[in-house]
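Numbered from 1 within each chain, the chains take letters A, B, ... in sequence-line order. Computed from a predicted structure; not experimentally measured.
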2 protein chains.
Amino acid sequence: MLQSMVDTLRDPLPDFPGYSLRRAANATSAELSARLGTLDLRQVDASAMMLIESNPGVTGSALARQLDIQRANMVPLLKRLEDAGLIDRAPIDGKSQGLELTTTGRERVTAARHTIETFEHELLARVPEEHRAHLLPALNALWQ
Amino acid sequence: MLQSMVDTLRDPLPDFPGYSLRRAANATSAELSARLGTLDLRQVDASAMMLIESNPGVTGSALARQLDIQRANMVPLLKRLEDAGLIDRAPIDGKSQGLELTTTGRERVTAARHTIETFEHELLARVPEEHRAHLLPALNALWQ
DNA sequence: GACTTATTGTTATCAGCGATAACATTCGCG
DNA sequence: CGCGAATGTTATCGCTGATAACAATAAGTC
């Protein structure tokens, strides 16, 4: 019986960890984006805000380095957060500026963290128990 | 000692599997793209070609479903592969067309598979042995 | 202190991947 | 036959990230 007689395809791709990694990231990313969208936040926004929360006064460049984002890409990101009243910028010296969350920003990041933690919990629940504890360390080994 | 006195930031993000997943996917994806670039292939190209290889005569729509790509996005993809002489399209009926690899396409996908397998091997080598076997099943559980 | 180098913030532009909406043509089923 | 579903297609958009260039400023060196 040929595969063309059924509607399922032979698919060798899920055997590749790299492919599976990309698919998993896409699928989960889309879902999280949708949830953060209800808070008017993108994923990068939430990441950046959590980092600012943990490191008040941090500079835009340092943030970019930590998130592995190009400095150039921080500009629209920070502008967006500032325009939304979520962060403040205060000049440190003539060329650097320190970032801090506003009160609204702190509230928003708390909501975002709640959304994210709920989501991560659901994510891990999908993973069979015997693999669960290995996921995070395995992933971190791939990029850290 | 304040964190501002050192150059490392407090970073709570790598504790989130979702974040780690995204970072890992980005990092590995960039690396693989660079390697496939030497074969004049994108990642999606290689994926699509492997799927066509395993299912000769498959239709564009079926391919899109399997890869979770929008039908609309298959158009430039298939055009690119056809223009590069890697695939052939043969009308099945008035509206469907079957896809097949050309001889060049078969050679190219073989090279691509070799590149990918080497890459995947290196990827897994980065993961501590005790976590290694759990990565693929855990990832697959997240999207399949 | 002067000079050179590195860093910061910024503009502009591009690529990859994916999503949505709309449309004409054609197939399949009742 | 007729109608709903599927196919291929066009056009357009959004998110994420990358590169190149630039002016201003800070930091390190002699």
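Separating the CD1 atom of B:I92 from the P atom of D:dT7 is a distance of 10 Å, rounded to the nearest angstrom. Atoms CD (B:E31) and C1' (D:dG17) sit 16 Å apart, rounded to a whole Å. When rounded to the nearest whole Å, the span between CE of B:M74 and P of D:dT7 equals 12 Å. Whole-Å rounding puts the B:D45 CG to C:dA15 P distance at 15 Å. As rounded to whole Å, 14 Å separates atom C1' of C:dG16 from atom CG of B:L41. Between A:L63 atom CG and C:dT8 atom P the separation is 12 Å, expressed in whole Å.
Mapping A:R65 and B:Q43 onto DNA chain C by nearest heavy atom places A:R65 closer to the 5' end of the strand.
A salt bridge links B:E82 with B:R89: the closest approach of a Lys/Arg side-chain nitrogen to an acidic carboxylate oxygen falls below 4.0 angstrom. The pair A:R126-A:E31 counts as a salt bridge, with a side-chain nitrogen and a carboxylate oxygen less than 4.0 angstrom apart.
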What verdict does the salt bridge (charged side-chain N to carboxylate O under 4.0 Å, His left out) test give for A:E122 and A:R35, after you've listed the backbone C-alpha separation in whole Å, the side-chain angles of each residue and the deciding distance to 0.1 Å? CA-CA 13 Å; A:E122 292 176 22; A:R35 300 199 193 180; 2.7 Å; yes
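Under the ring-ring contact (aromatic ring centres under 6.0 Å, His included) criterion, the residue pairs touching residues 94-132 of chain A are A:H131-B:H134, with sequence neighbours excluded.
Summarising the geometry of A:I69 relative to A:M74, their closest heavy-atom pair is CG2-SD, 4.0 Å, with the distance given to 0.1 Å. When all heavy atoms are compared, the tightest approach of A:G60 to A:L78 is CA-CD1, 4.3 Å. The heavy-atom pair separating A:Y19 from A:P14 by the smallest distance is CD2-N, 4.0 Å.
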Going 5' to 3' through nucleotides 18-30 of chain C and flagging B where a protein heavy-atom sits under 4.0 Å of the base, S where only the sugar-phosphate is that close, and - otherwise, we get BBBB----BS---
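Residues from residues 76-91 of chain B with heavy atoms under 4.0 angstrom of DNA chain D, sorted by number: B:R89.
Side-chain N/O atoms of B:S29 include none lying less than 4.0 angstrom from OP1 or OP2 on C:dG16.
Counting any heavy atom pair closer than 4.0 Å across all strands shown, A:S33 reaches no nucleic acid atom.
Side chain of B:R132 to main chain of B:V127: a donor-acceptor pair is present (N/O by atom type, distance under 3.5 Å, no hydrogens or angles). Of the possible donor and acceptor atoms, one in the side chain of B:T102 sits under 3.5 Å from a partner among the backbone N and O of B:L86.
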